[in-house]
Amino acid sequence: MKEKELRIALVCYGGVSLAVYMHGVTKEILKLVRASRVYHHDLARSHRASATYLDLDHDERETDTEEIYFELIQAIGQSLELRIFVDTIAGASAGGINGVLLARALAHDLPMDAHRKMWLEQADIVALMDEHHLAGRWDKLFMKPLFWGITDKWLAKYAPDMEMRQKLQLFTRSRWFEPPFSGQIMSGMLLDACLAMGEPKPAHASLLPTGHRLDLIVSVTDFHGYSQHIPLHDPASIREREHRHTLKFSYFQHASGATISDFDTPHVPGLVFAARATSCFPGAFPPARIGEIDALLKERKIEWPTREEFLRTNFKPLIAAGADPVKASFIDGSVLNNKPFGEAIAAIRGRPAYREVDRRMVYIDPDPKGGRAEGGGAAPGFFQAIRGALSDIPRNQPVRDELEALHDFSERVRRYRQIVAATRPHVRARITELFNGNGKKLPGAEQIARLRNDANAQAAVEAGYAYDAYIQLKVASVLDQITNIVADLSEAVNHPSDRLALSRAVESWAKEAGIFPVKWMAQANGGAEPSKEDAWVRFLREFDVSFRVRRLRFVIRRLNELYQDIETGDEGSLHSDALDEFKTSLYRILDRIQSESAARLRTDDIRRICKSIYDDGVAEPHEINAFTTHVAPVLDLVGLDKDADLHFVEMAESTLPYDIRAELVQAYIGFPFFDVLTLPLNKWQDLDDVDTVQVDRISPEDARSIREGGAPATLMGRDLGYFAAFFSRRARENDYLWGRLHAADRLVDIVASSAPAAIKKSGVDLSQIKARLFRSILKAERKYLEHVPELFADLERELKIRFGEEKAPAGEQALEGGEKSRALSGNA
């Protein structure tokens, strides 16, 4: 059966108290991903059509909409195996907090149930303020009549419920000219939230498929900044201060079961710091510092075993500039990077594409209009203009540039794929000639290495002078990889100017060694073949990991195409299972090449050599030569090639039909013909992993299945400069519930758009799926949200109207999405 992956890269904006809304959204995303994981991981294919979610999921956690998402994926599964997962999260400010918590849940399949209490009970100004900051009974008594009298009209507009007014009055009487909220309390709240998720389970407990990496990128702002060199022509370099900073965390599980995780319990303090720093709204919280986390952990008697690793890996630029990250002060990530699309786009480049991929960039935007009127209006006043220039406008700057760049990239990928499809017949013909006209021949283990070498030589001859450009680019890309390896392992190459100098040293070494530029020229009669004795040939045999990876991914893509050629019925099912087994074996080979190559480079000896190369700030060609001489036998790519050849031949002797086995062998051996054509098309990008990227938004403006009107008609937290939900439990409950409802609405749209043919074939009614999701959410949350009974009543009424179960009484339909919607959200 055809397989497809819906991969989501999630971007979470800042939004102050709208963080509560975003929690509802991320909670629903977790439920969808978990339903997909249960369907594909816990069920054999033969049992998927009849199983139910509750038959499989027996964890002691809240389950509601998971069952309905499971049924949706099950319906799609009649004709398409659709896997859904999140592999990239980029967050800033309030979105950064939710991104951190979601990433930990995804990495180790942990529940987020306890976070409801955190957001509803602890995200309150009284809970977040130090006791000595709060106004006492007699503090600033003169403010009471001023507050309740002069501002009464203003209160009615911006603080509609009594709790919000009372806490706002308390807030205005509390200590002035100091941050009102406690950073220590905030850090403690985040620490409790992470620990309440529980301990990670044993191996394989993750919502990420094996072999896929989860990246979390959190933006923060270094208040003082650090100095860095920028290379110019004249002067040669200048010094500038950099304030933008990102904290990065990742998770990866190898096919062997070995796991690398920045989301387990020992790394929790680092995650807490990231969440605290990215949400440090200027003026509301004191700047975040490492010492704050140290003091909290000491008070709680909690160890931070990964502290030095966290500082070393996340603050390299600061350390290289001579700054101490422990003494640095960080404020809200949204000050300079409220919408971190660029970080998310960079993270998804070069991801492995084992099957057909539908790559989505999904961003959560609680209030797209930003609370501003369209078309200008009255001229801003003195303080309004200052606030807009310093805060509102930068935070709400559109992401047009990033999205347009993403669109252009997707267009290039689409055209690339068209070119690849057009060249496939030519490549197939060349492979057939390589087999002396018998393209169905199945070689033994002793022949496959020779045939691979023959394919390389034949591709060079037939490509003619075009091969010259290919091989120059290929060697240059490997030299670039060596530069990156030395830079990463030396821990001393951080600035662009340092990396540029190192790159020049690697090129100088390659020139002295006769490796680059490659001295090869095609003869007019096509008789020139690369010799095994050529320095550049030996260099590629010893260091070109990327070619091996590209070759295996090429075979995997061909294998995916062959699913469509297998007939249906019992025999077809048997062949499909055999293809699955073949593909699993290819994954293991691919993982071994990548993981073993990386592991062999990260030894103490190689780290020491890399550090010595740049210890004096200058890299010399003879130092690069010492590095390559030592690394080549350690890397042993030729040995890995032999193992891969043997394993591939063993797999080819499977239960698959003869023609299909022959197709896979041809793809494996004949890959050089294809690579010569496609490598120049991709230039310096990671090859074979290019996917078009489509962008989807989750916001009140787009989720209109229940209520029209967007954020003004649904959310209360957007008032008081987006701080309103911190002053009202009712507002928090309102926004949290709408977050879940809006997410359910949009997630069904996103899943359906990824599998339109399967949806149509299954006959599933998407509107009824949405209605069931909405009712499931209302049923599950009613007992926890006691301050908004009128919202539940009106939502049930609106559901009946929207989905045709009951007509709206005369005279009330006009209120829908208008006056009644604003009344329900407290904005009347």
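Worth knowing before you read on, the calculation uses all heavy atoms, side chains too, and leaves out hydrogens, waters and symmetry mates.
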task = Determine whether S597 and L635 make a side-chain contact, defined as any pair of heavy atoms from C-beta on separated by less than 4.5 Å.
result = yes

query = Are D534 and K519 ion-paired here, with the side-chain N under 4.0 Å from a carboxylate O?
reply = no

message = Heavy-atom count check: over 12 atoms from other residues, nucleotides or ligands less than 6.0 Å from D605 CG?
response = yes

key: Side-chain heavy-atom pair L216, Y251 within 4.5 angstrom cut-off   = no

task = Using a strict 4.0 Å threshold on nitrogen-to-oxygen distance, state whether E308 and R312 make a salt bridge.
result = no

remark   = Closest non-hydrogen contact found for L640 with E596 is CD2-OE1, 3.6 Å

message = Is there a side-chain contact (heavy atoms from CB on, under 4.5 Å) between L208 and V86? Walk through the geometry before answering.
response = CA-CA 8 Å; L208 271 293; V86 176; over 6 Å; no

remark   = Closest non-hydrogen contact found for F315 with P325 is CG-CB, 3.6 Å

key: Centroid separation Y465 to Y470 less than 6.0 Å   = no

ask   = Which heavy atom in F547 sits nearest to a heavy atom in P672, and how many Å separate them?
value = CZ-CG, 4.1 Å

request  = Taking the six-membered ring for Trp and the full ring for Phe, Tyr or His, determine whether the centres of F516 and F539 are under 6.0 Å apart.
outcome  = no

key: Shortest non-hydrogen contact from E3 toward R83   = OE2-NH1, 3.3 Å

inquiry  = With a 4.5 Å cut-off on side-chain heavy atoms, are Q481 and S546 touching?
reply    = yes

remark   = Residues passing the side chain to side chain donor-acceptor pair (under 3.5 Å) test with D215, sequence neighbours excluded, are R213, R351

inquiry  = I'd like to check F648 versus V665 (side-chain heavy atoms, cut-off strictly below 4.5 Å). Are they in contact?
reply    = yes

query = Say you draw a straight line from CD1 of I89 to CG of L214; how long is it, rounded to the nearest 0.5 Å?
reply = 5.5 Å

query = Under a 4.5 Å cut-off applied to non-hydrogen side-chain atoms, are F85 and L6 in contact?
reply = no

Pairs touching residues 618-638 that satisfy side-chain hydrogen bond (donor to acceptor under 3.5 Å, both in side chains), sequence neighbours left out = W509-N625

Which atom of S206 lies closest to which atom of A107, heavy atoms considered = OG-O, 2.8 Å

task = Can you label the angle between the Y226 ring and the H245 ring as parallel, tilted or perpendicular, going by 30° and 60°?
result = perpendicular

query = Would you say the side chain of R7 lies within less than 4.5 Å of the side chain of R360, judging by non-hydrogen atoms?
reply = no

inquiry  = For F249 and F310, take the angle between the two ring planes, folded into 0 to 90°, and tell me which bin it lands in: parallel under 30, tilted 30 to 60, perpendicular over 60.
reply    = parallel

request  = Please answer whether the main-chain N or O of L500 pairs with a side-chain N or O of R504 as donor and acceptor at a distance below 3.5 Å.
outcome  = no

query = Between CZ of F627 and CD1 of I609, what distance do you get to the nearest 0.5 Å?
reply = 7.5 Å

Electrostatic pair D222:R244 at N-O distance under 4.0 angstrom = no

request  = In sequence, state the C-alpha distance, the side-chain angles, and the governing distance for I471 and W536, and then conclude on side-chain contact (heavy atoms from CB on, under 4.5 Å).
outcome  = CA-CA 9 Å; I471 204 62; W536 62 270; 3.2 Å; yes

ask   = Once you round to the nearest 0.5 Å, how far does CZ of F252 lie from CG of D262?
value = 13.5 Å

inquiry  = Check this for me, if you would: do R602 and D488 make a salt bridge, where the nitrogen-to-carboxylate-oxygen distance has to be below 4.0 angstrom?
reply    = no

Rounded distance [0.5 Å steps], OG in S490 versus CD1 in I606 = 13.5 Å

inquiry  = Could you measure the distance from the NE2 atom of H647 to the CD1 atom of I589? Nearest 0.5 Å is fine.
reply    = 4.5 Å

message = Quiz question: by atom type and distance under 3.5 Å, do the side chains of Q253 and T210 form a donor-acceptor pair?
response = yes

ask   = For L679 and K474, what are the C-alpha separation, side-chain angles and deciding distance, and is it a side-chain contact (heavy atoms from CB on, under 4.5 Å)?
value = CA-CA 8 Å; L679 180 61; K474 189 177 181 183; 3.9 Å; yes

ask   = Charged N to carboxylate O below 4.0 Å: is that the case for D454 and R450?
value = yes

query = Between D645 and K642, is the closest basic N to carboxylate O distance under 4.0 Å?
reply = no

message = Between D641 and R551, does any side-chain N to carboxylate O distance fall below 4.0 Å?
response = yes

inquiry  = Between R538 and E542, does any side-chain N to carboxylate O distance fall below 4.0 Å?
reply    = no

ask   = Short question: side chain of R558, backbone of L664 - any donor-acceptor pair under 3.5 Å?
value = no

task = Taking the side chain as every heavy atom from C-beta outward, state whether Q594 and V545 have any pair of such atoms under 4.5 Å apart.
result = no

message = Nearest 0.5 Å, please: how far is CZ in R600 from CG in L637?
response = 8.0 Å

request  = For P680 and L473, work out which heavy atoms get closest and say how close.
outcome  = CA-CD2, 3.7 Å

key: Close side-chain approach of L479 and T483, heavy atoms under 4.5 Å   = no

task = Kindly indicate, with the supporting measurements, whether the criterion side-chain contact (heavy atoms from CB on, under 4.5 Å) is fulfilled by I8 and D87.
result = CA-CA 6 Å; I8 297 174; D87 64 1; over 6 Å; no

